[in-house]
Enquirer: 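Got a structure for you, written out below as structure tokens; questions coming shortly.
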Amino acid sequence: MSLKQAAAAAQPAGNNRKPPGGGGPGLPSAAGRQNMGRGRSSGKGPPQPTISFDGIYANMRMVHILTSVVGSKCEVQVKNGGIYEGVFKTYSPKCDLVVDAAHRKTAESSLGPKREDILESILFKSSDFVMVHFKDMDTNYARRDAFTDSAISAKVNGEHKEKDLEPWDGGENTASEELEALETDVSNGWDPNDMFRYNEENYGVVSTYDSSLSSYTVPLERDNSEEFLKREARATQLAEEIESSAQYKARVALENDERTEEEKYTAVQRNANEREGHGVNTRENKYIPPGQRNRDVLSWGSGRQNSPRMGQSGSGPPISRSGSHTSEFSPNSGADQRVVNGGPPRMSPKAQRHPRGHRVSTGRGTISSGLEFVSHNAPGEASTAAVARGSPSGGTWSSVVSGVPRLSPKTHRPRSPRQSSTPMGPALPSPQPGTIPTESVAMPVPAASPTPASPASNRAVTPSNEAKDTRLQDQRQNSATGNKENIKPSETSPSFSKPENKGVSPIVSEHRKQIDDLKKFKNDFRLQSSSSSDAVDQLLNKTREGEKSRDVVKEKTESTPKESIIEAGSNTNSSGGSSKPNSPSISPSMSNSSEQKRGPEVTSQGVQTSGPGSKQDKEDKEEKKDTSEQVRKSTLNPNAKEFNPRSFAQPKPSTTPTSPRPQAQPSPSMVGHQQPTPVYTQPVCFAPNMMYPVPVSPGVQPLYPIPMTPMPVNQAKTYRAVPNMPQQRQDQHHQSTMMHPASAAGPPIVATPPAYSTQYVAYSPQQFPNQPLVQHVPHYQSQHPHVYSPVIQGNARMMAPPAHAQPGLVSSSATQYGAHEQTHAMYVSTGSLAQQYAHPNATLHPHPPHPQPSATPTGQQQSQHAGSHPAPSPVQHHQHQAAQALHLANPQQQSAIYHAGLAPTPPSMTPGSNTQSPQNNFPTAQQTVFTIHPSHVQPAYTNPPHMAHVPQAHVQSGMVPSHPTAHAPMMLMTTQPPGGPQAALAQSALQPIPVSTTTHFPYMTHPSVQAHHQQQL
Amino acid sequence: MAAPGEYFSVGSQVSCRTCQEQRLQGEVVAFDYPSKMLALKCPSSSGKPNHADILLVNLQYVSEVEIINDRTETPPPLASLNVSKLANKARTEKEEKMSQAYAISAGVSLEGQQLFQTIHKTIKDCKWQEKNIVVMEEVVIAPPYQVENCKGKEGSALSHVRKIVEKHFRDVESQKVLQRSQAQQTQKDTSLSS
């Protein structure tokens, strides 16, 4: 399964890649072409039996021989003995023959037929002739390839086989001297004079060669005349001018280039320095040959190496790579991390984002499978491995958070793509826990093994930093390897910081800028996280209510979260978060979504506890600017909130909204959130992490959730700290976070994609305004799928998203789900809680919602959204009035949707699509998302403030907007169309967001806040 | 052996007798059971090395079909055919035959026809005009088609055509001599043998 999935994922990813790449339909297309070529080749050959022909046309050899004699003179002997001669024209399926210019041969016609004896053409029925005689036929006359090598060689008489090559043995003595003599012999064969002499002596031929070439030119007559000197000086001057020109030199250089054509055009240039160098900058923008990538990976460790390969494979030929990945699965966790990390990091560079993202996604997909395998393979350490993996993811997150803000936007985008790939994994896991694991494993692994997770997180972080530089990734991977080795969280945390630093340094100015943006995003995220926490709580409640199993899961997740938190506290934040998530996710494997949700919560908690410190550290390292804010954020335990903020600068608004509910908090939160916006970038990073977790959650729910949560937590902390919201948020968040972990964990699974989306979204917001994002989204959607695009779209605005959703539809349902998930993720990211909550709800509600989604295949997203919306809308209305109830309802709906997405989405299907799409989509999507998100987030936040419902609110917020109009009366599908103008489209999320923003604002007490968020965004 | 459903495997040597009591033998090139069509490849009747005669035999009117030796090897793959080349050949062959028939119907002598064929090999732009051969619209060769019969505007075209005609009759003459010598040789042989 895992392999297949991976392959499937890889292929989709590849396809997706193409679109994003624009001009780079590289591998996938090539593969397709190759296949095509094969088909053609197989089809080669004259007549194709496969084609249904009648009569002798079905007889390949008969057709061939009769066709080859067309145009030849023939003698047709008929039953009565008469012979007709003519030019063979054609034949029918029944073997009726047409002979042109035919005449009846008679004994006395030696002279030839007369004009009047010749008939234009005669049709001989097959039953009328006894024999047709074609004389003197050149069997090769009509051969098309008469002059090809094969045709020519075929005419060689007798056996013609390749000569056996014999090694040359010059003997011991021949050596150097003689050979050197040959080497040093400058004479180029015969001297012309020798030739002339030889011919003259032996053949009496006297050459007329005149070295002066008087026959061709006129000798220059030199004189001392003034005219001549003047002209000579002029000529000299011109010569100097020409020879001193750059163009001339360049051409001469070409002429005298010592390099061989192989070196110039064909050989792969391998610069050892570059390879080894960690210079993120150098690598970021450069295409890294798979081989080199592998090397990097190898440096990390076998496992890690594999993961890199996976990632590479993803970038390159999806399938092949996937296969390799599968082989390397054990390392996958590392690889996945790398991929994610590396991918995102690479992605971080704008230019690289898409490509890398694609690569990553594909790679991830494969990797994930590999990871899954690995995790499975190493059962004993599975948890650890998982943890490590989770940690890696967490690390990435953390890294993102720390310096990444800038990076996070960029990196996140890339990551988001990668994440998208990861989402696939998660999606897979969620649908098919067992199968999913493989893919999810990679993702999950981090989450699964808390401690490892931390390493992983570190790795991830480093990757993010180094995203551009695979080398960096390698380093990270190394650290990750350590993590994999079950390195302690503390270790991992250090690694994280390192990676971050590295990443930051390389990226430097750009990164810093990005980081600044990210910081803003973080702030926003914080707000979101807070809201998300609330949402999580709601979600948790909902989930509990909704499904016993889910409840169980939640409980588990909750417990796990706590544990994770504890761990986080002891260990690094990231590690703690990851570990926690992992445990939760693992336990709830069945209820992936619920688990994921839990995981997130846990992570959030863990992040909060430990996260703050780690985050702070990272931030400090990365950026001093936000140190105070970061500290605050760190103080803000609600890491989840932070994530949200990051993921969604917009989320902050939502947080503010949430705060509104709390009222006192909301407003502060709002403010803080706004500030956070910058933070968002960080949140974004988190969001990516979240994304990772999500993917994990599916396969390895624990892992994914954990990573997610951790990230969020960190973000939330930082963010929270910044905003006023923190306390309330924390409170809410705590609840929400608690809830969120479970819910988050749950959602993550479903949401994994969402998470990505969220991340993307978050990123996009920062980097790209809504509009750009939207456009991107469409592309992404088209490419990737549905999930991402939907999400993005949803986030962004998403009229287009629906389309995406549609693509996915049934199968796409998964994709759509993914999209939904993404959207959820978005929400979550905005308010990690919100997403998480939504997810939890989804987990609980999943099935119910699913039906709806399924019902509306084309607009699954829409339907989902609608479904969620319907409830939400009411909720929202209520929220405004009775926010919680509504929110709850919404969350549930959303969650249901998500769940539906998750559950429905055949993990494999969605995952693949998600992953792929995510990657592709992410870049664009992210941008678009970002813009959109802000608004969405804001709404969400606004809702969050309301309470645990906040998450719901967020979701709703997105949903609500549209819903409000139509929702109240209508339900899901129907309602959306009406309500959402935008909503109609799948992009419930996106539309919702816009709508929500507008609507919410009204609803919200904090309209202004939302507006601000938007503005910020 | 022929595969099930096949009665002749490609490459097998088959002999048969037609309803006109004509003995046929050749290598199976193709066989279509539904239409009972058998394609055989025989050594060229003119003895040219790289050429072969192709026979399409309707087995409905054939008896005594024997497989002289069967070929178990898988036949070589079929080469793709240049259909347009074949179509061109069909058209030119037809035109050539029609042109020749026109000349014959006009009462042109055998020598005239032979000359026409020879010139046509070198210069495609030649046609019959009554009994005259018109080459490149410039040179007219009237019976009895000797070098001195070549009329036209003095120039390279006329001289070129004259060279062709001159060479044609020289070759024909030498061929006749050769044939005679061969005939004499055969007569001697026969006389000796007798």
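We name chains A, B, ... by the order of the sequence lines, and we start the count at 1 in each one.
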Enquirer: Quick check for you: among Asp136(A), Ile56(A), Thr90(A), Ile118(A), which has the greatest number of heavy-atom pairs under 4.5 Å with chain B?
Expert: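 Ranked by heavy-atom pairs under 4.5 Å with chain B, first place is Asp136(A).
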Enquirer: So which pairs with a foot in residues 66-84 of chain A pass salt bridge (Lys or Arg N to Asp or Glu O under 4.0 Å), sequence neighbours left out?
Expert: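 Listed once each, the pairs are Glu75(A)-Lys105(A), Glu75(A)-Lys135(A).
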Enquirer: Answer with side chain, backbone, both or neither: which region of Val78(A) has an atom nearer than 4.5 Å to a non-hydrogen atom of chain B?
Expert: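 When you check distances to chain B, only backbone atoms of Val78(A) fall under 4.5 Å.
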Enquirer: Report which part of Val132(A) has an atom under 4.5 Å of a heavy atom belonging to chain B: side chain, backbone, both, or neither.
Expert: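 Both the backbone and the side chain of Val132(A) come within 4.5 Å of chain B.
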Enquirer: Do the side chains of Ser127(A) and Tyr61(B) get nearer than 4.5 Å, heavy atoms only?
Expert: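 Side chain of Tyr61(B) against side chain of Ser127(A), heavy atoms only: contact under 4.5 Å found.
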Enquirer: We want to know whether Ser35(B) and Lys94(A) form a side-chain donor-acceptor pair, criterion being a heavy-atom distance below 3.5 angstrom.
Expert: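 The criterion, which ignores hydrogens and geometry beyond distance, is not satisfied for Lys94(A) and Ser35(B).
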Enquirer: State, with a plain yes or no, whether a side-chain heavy atom of Met137(A) is found less than 4.5 Å away from one of His51(B).
Expert: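 Not touching, per the 4.5 Å side-chain cut-off.
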Enquirer: Of all of Ala90(B), Ala52(B), Ser44(B), which one pairs up most often with chain A through heavy atoms under 4.5 Å apart?
Expert: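 Of the options given, most contacts go to Ala52(B).
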Enquirer: For Ile65(A) versus Ala30(B), what's the shortest heavy-atom pair and its separation?
Expert: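 Minimum heavy-atom separation between Ile65(A) and Ala30(B): CG2-CB, 4.1 Å.
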Enquirer: Tell me, for Lys36(B) versus chain A, whether the close heavy atoms (under 4.5 Å) come from the side chain, the backbone, both or neither.
Expert: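 Looking at Lys36(B), nothing touches chain A.
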Enquirer: Nearest 0.5 Å please: distance from the CG atom of Asn59(A) over to the CZ atom of Phe31(B).
Expert: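 Reported value, rounded in 0.5 Å steps: 9.0 Å.
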Enquirer: State, with a plain yes or no, whether a side-chain heavy atom of Leu55(B) is found less than 4.5 Å away from one of Met131(A).
Expert: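 Yes, at least one pair of side-chain atoms sits under 4.5 Å.
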Enquirer: Are His133(A) and Asp53(B) side-chain neighbours, meaning at least one heavy-atom pair lies under 4.5 Å?
Expert: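 A side-chain contact exists here, since the closest heavy-atom pair is under 4.5 Å.
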Enquirer: Please look at Leu24(B) and chain A and tell me whether the side chain, the backbone, both or neither of the residue comes under 4.5 angstrom of a heavy atom of that chain.
Expert: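 Interface part for Leu24(B): side chain.
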Enquirer: Using side-chain heavy atoms (C-beta onward) and a distance below 4.5 Å, is His103(A) in contact with Lys97(B)?
Expert: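 Yes. Closest side-chain heavy atoms under 4.5 Å.
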Enquirer: Heavy atoms only: give me the nearest Val70(A)-Leu86(B) pair and the separation to one decimal.
Expert: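 So the two residues come closest at O-CD2, 3.6 Å.
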Enquirer: Go through Val69(A), Leu66(A), Thr67(A) and name the one with the most non-hydrogen pairs under 4.5 angstrom from chain B.
Expert: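 Highest number of pairs under 4.5 Å: Thr67(A).
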Enquirer: Are the side chains of Leu56(B) and Cys95(A) in contact, using a 4.5 Å heavy-atom criterion?
Expert: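 In contact.
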Enquirer: Of the non-hydrogen atoms in Ala101(A) and Met98(B), which two are nearest, and what is the gap between them?
Expert: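 Ala101(A) and Met98(B) have their closest heavy atoms at CB-SD, 3.8 Å.
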Enquirer: Side chain, backbone, both or neither: which part of Glu95(B) has a heavy atom under 4.5 Å from chain A?
Expert: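 For Glu95(B), neither part sits under 4.5 Å from chain A.
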Enquirer: I'd like to know whether Lys94(B) forms a side-chain contact (heavy atoms from CB on, under 4.5 Å) with Lys89(A), so could you lay out the CA-CA distance, the side-chain angles of the two residues, the decisive distance to 0.1 Å, and finally the verdict.
Expert: CA-CA 9 Å; Lys94(B) 181 180 178 181; Lys89(A) 176 79 173 191; 5.8 Å; no
Enquirer: Nearest 0.5 Å, please: how far is CZ in Phe129(A) from CE in Met37(B)?
Expert: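 Answer rounded to 0.5 Å: 3.5 Å.
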Enquirer: What part of Ser72(A) gets closer than 4.5 Å to chain B, counting heavy atoms only: side chain, backbone, both or neither?
Expert: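 For Ser72(A), backbone and side chain are both near chain B.
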